[in-house]
Structure formats: C-alpha cells, structure tokens
Amino acid sequence: MKKYWEIIKGYKKSLLLSPLLVLVMVLCETAQPMFMARIVDHGVMQGDLSYILHTGIYMVLISVLSLGVSVGNMYVSSYASVGFGTDLRGALFHRIQEFSFPDIDLFSPASLITRLTNDITKIQLVILMSLRTLLRSPLMLVMALFFVLWINKDLG
C-alpha cells in the first residue's frame with residue numbers, strides 16, 4: 001500500500017479536481033427539480049409563458065454545464081487512473097528486472113504477466129470508479145436532501 005500512495009501522489013491535481021467536478025455535476029442535476037417546481041408554481045399556475053421559457057432555457061444551460069463538467073470529470077479521473085496503472089506497471093517491471101535467477105524460477109512467467117495486466121487493471125478500475133461513482137453517491141444524497149428541504153420544509 002505504501003508504494004501505491006507514492007505513485008498516486010503524482011496525480012494530486014486530478015485527485016483534488018475530480019471531487020470538485022463531481023460536486024458541480026451533482027449541484028446541476030439536483031437543481032433541475034427545483035426549477036421544474038418553479039415552472040409549475042409560477043409559470044403554469046399563473047399562465048406566464050415567458051417565465052416558463054426563460055426558466056426552461058436556464059434549465060437547458062444547466063444541463064449543458066452538467067454535461068461539460070461530467071466529460072471533464074471523466075477525463076480527469078481517467079487520466080489519474082490510467083497514469084497510476086502505467087506508473088505501477090513500470091515500477092513492477094523494474095522490480096522484476098532486479099530478481100535473481102532463483103527468484104525468476106520461483107515465479108512463472110504466466111503469473112508475472114497476470115500481475116502486470118489483470119491485477120493492475122483491477123486496481124486501476126477501483127481508482128477510476130472511486131473518482132466517478134463513490135464520490136457522486138454521497139454528494140447526491142446530501143444535495144437531494146438539501147433541495148427537498150429548500151423546496152418544501154414540511155415535505156422534508
């Protein structure tokens with residue numbers, strides 16, 4: 001684990017930027033029902049077509065922002081996870097090159113290839129999914145509760 005932390009430290013910017021992008025994406029997604037409630041309350045109930053149009057345009061712009069932030073998060077999290085996997089494979093390859101001949105006889109080439117491909121790919125996917133999904137779910141819960149209470153405290 002100590003070696004993992006040494007390698008992942010090289011991707012601090014991505015690890016800090018990804019949660020911020022996820023937060024913006026969650027804000028955009030959870031704000032949409034609030035705007036829809038305003039359209040119904042102020043636009044539909046009062047017959048104000050211009051309010052419906054302006055709020056609808058605002059909702060489209062928020063959706064486009066959410067899409068852009070989501071693509072940015074996919075890029076940043078992919079950069080961090082693929083870079084981590086590449087650096088870890090390189091470190092393992094250099095470590096294998098330092099093996100003595102008895103050590104090489106102890107490990108089969110198939111075992112070493114599996115470790116350099118499948119095992120590192122799984123660790124890489126854990127980092128990728130952590131930066132995308134693991135952060136998103138708790139933030140979505142908190143922001144959804146916030147907007148529910150903001151829209152209607154009695155319902156919350």
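Numbering starts at 1 and runs along the sequence shown. Fair warning: this is a prediction, and the values are worked out from it, not measured in the lab.
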Novice: Rounded at 0.5 Å granularity, tell me how far CD1 in Ile96 sits from CZ in Arg89.
Specialist: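 One finds 12.0 Å between CD1 of Ile96 and CZ of Arg89.
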Novice: Nearest 0.5 Å, what's the CD1-OG distance between Ile127 and Ser81?
Specialist: 7.0 Å
Novice: Heavy-atom count check: over 12 atoms from other residues, nucleotides or ligands less than 6.0 Å from Phe93 CZ?
Specialist: no
Novice: Between Met34 and Ile52, is there a shared hydrophobic cluster once you connect ILVMFWY residues whose side-chain heavy atoms come closer than 4.5 Å?
Specialist: yes
Novice: Do Met59 and Val44 land in one hydrophobic cluster if side-chain heavy atoms of ILVMFWY residues count as linked below 4.5 Å?
Specialist: yes
Novice: Do the non-hydrogen side-chain atoms of Ile39 and Met45 ever get within less than 4.5 Å of each other?
Specialist: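 Counting from C-beta outward, Ile39 and Met45 never come under 4.5 Å.
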Novice: According to a hydrophobic-cluster definition based on side-chain heavy atoms being under 4.5 Å apart (Ile, Leu, Val, Met, Phe, Trp, Tyr only), do Tyr75 and Leu21 belong together?
Specialist: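 Tyr75 and Leu21: one cluster.
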Novice: Would one find more than 12 heavy atoms of other residues, nucleotides or ligands at under 6.0 Å from atom NE2 of His54?
Specialist: no
Novice: Is there side-chain contact between Ser78 and Arg132, with at least one heavy-atom pair below 4.5 Å?
Specialist: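 When only atoms from C-beta onward are counted, Arg132 and Ser78 do touch, with a gap below 4.5 Å.
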Novice: If you round to the nearest 0.5 Å, how far is CG of Leu23 from CE of Met25?
Specialist: 10.0 Å
Novice: Roughly how far apart are Ile123 CD1 and Ile8 CD1, rounded to 0.5 Å?
Specialist: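 With rounding to 0.5 Å, CD1 (Ile123) is 10.5 Å from CD1 (Ile8).
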Novice: Keeping Ser66 on the side-chain end and Ile62 on the backbone end, is there a donor-acceptor pair under 3.5 Å?
Specialist: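 Not a single qualifying donor-acceptor pair exists.
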Novice: Can you tell me if CZ on Phe35 sees more than 12 non-hydrogen neighbours from other groups inside 6.0 Å?
Specialist: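 Enclosed: over 12 neighbouring heavy atoms sit under 6.0 Å from CZ of Phe35.
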Novice: If you apply the rule side-chain contact (heavy atoms from CB on, under 4.5 Å), what do you find for Leu49 with Leu53, and how did you get there?
Specialist: CA-CA 6 Å; Leu49 190 59; Leu53 183 64; 5.7 Å; no
Novice: State whether the side chain of Gln124 and the backbone N or O of Phe84 hold a donor-acceptor pair below 3.5 Å, judged by distance alone.
Specialist: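 The answer is no, because no donor-acceptor pair under 3.5 Å joins these two groups.
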Novice: Considering only residues two or more places apart or on different chains, which pairs with a residue in residues 38-48 satisfy salt bridge (charged side-chain N to carboxylate O under 4.0 Å, His left out)?
Specialist: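 Applying salt bridge (charged side-chain N to carboxylate O under 4.0 Å, His left out) to every pair that reaches into residues 38-48, excluding sequence neighbours, yields nothing.
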Novice: Look at the side-chain heavy atoms of Ile, Leu, Val, Met, Phe, Trp and Tyr, link any pair under 4.5 Å apart, and say whether Val60 and Leu27 land in one connected group.
Specialist: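 In one cluster with Val60: Leu27, no.
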Novice: Kindly list each side-chain donor-acceptor pair under 3.5 angstrom involving residues 134-150, sequence neighbours excluded, with atom names and distances?
Specialist:
{"from": "Arg136", "atom 1": "NH2", "to": "Glu29", "atom 2": "OE1", "distance (Å)": "2.3"}
{"from": "Arg136", "atom 1": "NH2", "to": "Glu29", "atom 2": "OE2", "distance (Å)": "3.3"}
{"from": "Ser137", "atom 1": "OG", "to": "Thr133", "atom 2": "O", "distance (Å)": "3.4"}

Novice: Hey, could you give me the CE/OG1 distance between Met36 and Thr55, rounded to the nearest 0.5 Å?
Specialist: 10.0 Å
Novice: Answer whether the closest heavy-atom distance between the side chains of Val69 and Leu65 falls below 4.5 Å.
Specialist: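 Yes, at least one pair of side-chain atoms sits under 4.5 Å.
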Novice: Looking only at heavy atoms, which two atoms of Ser18 and Leu131 are closest? And how far apart?
Specialist: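 Closest approach of Ser18 to Leu131, heavy atoms only: OG-O, 3.2 Å.
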Novice: Enter the distance from Glu6:CD to Leu88:CG here, rounded to the nearest 0.5 Å.
Specialist: 11.5 Å
Novice: Run the ring-ring contact (aromatic ring centres under 6.0 Å, His included) test against Tyr79 and tell me which residues pass, sequence neighbours left out.
Specialist: Tyr11
Novice: Answer yes if Phe99 and Leu92 sit in the same cluster of Ile, Leu, Val, Met, Phe, Trp and Tyr residues linked by side chain heavy atoms under 4.5 Å apart, and no otherwise.
Specialist: yes
